[in-house]
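All ligand and atom numbering here is 1-based and tracks the order in the structure.
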Amino acid sequence: MNTTVVNAFSASYQEARTKFLEAAAAAGLAIESHVHPLRGRDGETLALDVARDGPPDADKLLIVSSACHGVEGYCGSGVQVFALHDQEWRDQARAHGVAVLYLHALNPYGFSHLRRVTHENVDLNRNFQDFGRNLPVNEAYRDIAHWLIPAAWPPEAENQAAVQQYIAAHGEAAWQAAITRGQHEYPQGLFFGGTEPTWSHRTLRPVLRAHGAPAQRIAWIDLHTGLGPNGHGERIYAGRDDAAAVARARRWWDGGGSTPVTSIYDGSSTSAFLTGLMWSAIYDECPQAEFTGIAMEYGTVPVMEVLESLRAEQWLNLHPEADAALAEQIKARMKAAFYTDTDAWKGQIVAQARQALFQAVAGLDS
Ligand SMILES: [Zn+2]
């Protein structure tokens, strides 16, 4: 029942969904599909598909999720499909008394349409704010908002000069942070966190509540791409600023120095400090459980290229009249920014994910 690494990955959302549903069926698992209101790029049905491997009343639960950031699902789906076919892994989880909850395509619209954001143009991993309160202000984004998305693509000389001047004055890290920190003021901009819960946000909460209710311990591995060296999976602590939980995550997942668990709370991560993160929902929906989570953030291309591809794709989204060849080129650039379509990269992705999965069930059972 094992599949090869390469066969676990797909060239489209539709193919990925089919492989996931087939892998779950082959493993004898029921599927719970939450159908999205819109259609995919090829007119296909979009859904958050949920498969649970393990007893409904397990007191230990591991969540494995893909495509929080749409297009990053090309990576995450491959990991999930491989895991469902991996009998040794499934036996290991069962031996530790851990139920595994696979959340396939948290943001299926972005996955299919090669966008990082949802159909609401929202970054799902900045959307878990308390919308009854004042939303955080990103001052640095305000400074760049009026030229971050240029009027033309490729950007005109004046626009390129503005980018170069900003980076010369503040540095690449500040440029990355200004854009990626998230913002709630520019609905047509990048890393927009929204002003209300998105479809994916609203759909995820009851799933967490239903499946997490019996659990006393919950772990979550959320699969991402687009930061760090190509093929390297950075394990970024994903939970509250709680020293005991950070220490627990490091005990479970620190890979002997070569794969440290980094944190946005102490500056050790390549990620900027962020708010509105998706993991915060687990504390609301499963308050009874001890929670330990990481994001696996796999490197693809240099971060400056990732940011340029996002600027281009946002411009395209605002200019549906764009020339078809240019549109294809921009979408291909976008996919390459979040998915390295080589056998070697996929092998690295699966090997590191598999290690983190085994570590998670051992940790939950420790
Ligand atoms: Zn991501």
Does Asn134 CG have over 12 foreign heavy atoms under 6.0 Å away? no

Lys NZ or Arg CZ of Arg52 over Tyr102 ring: under 6.0 Å, within 45°: no

May I ask you to check whether Phe9 and Tyr74 place their ring centres under 6.0 Å from each other? no

Asp49 and Ser33: side chain donor to acceptor below 3.5 Å: yes

Is any protein N, O or S atom closer than 2.8 Å to the Zn ion (ligand 1), and if so, which? His69 ND1, Glu72 OE1, Glu72 OE2, His224 ND1

Partners meeting ring pair (Phe, Tyr, Trp, His ring centres under 6.0 Å) with His119 (sequence neighbours left out): His36, Tyr109

Give a yes or no on whether a salt bridge exists between Lys19 and Glu22, defined as a side-chain N under 4.0 angstrom from a carboxylate O. no

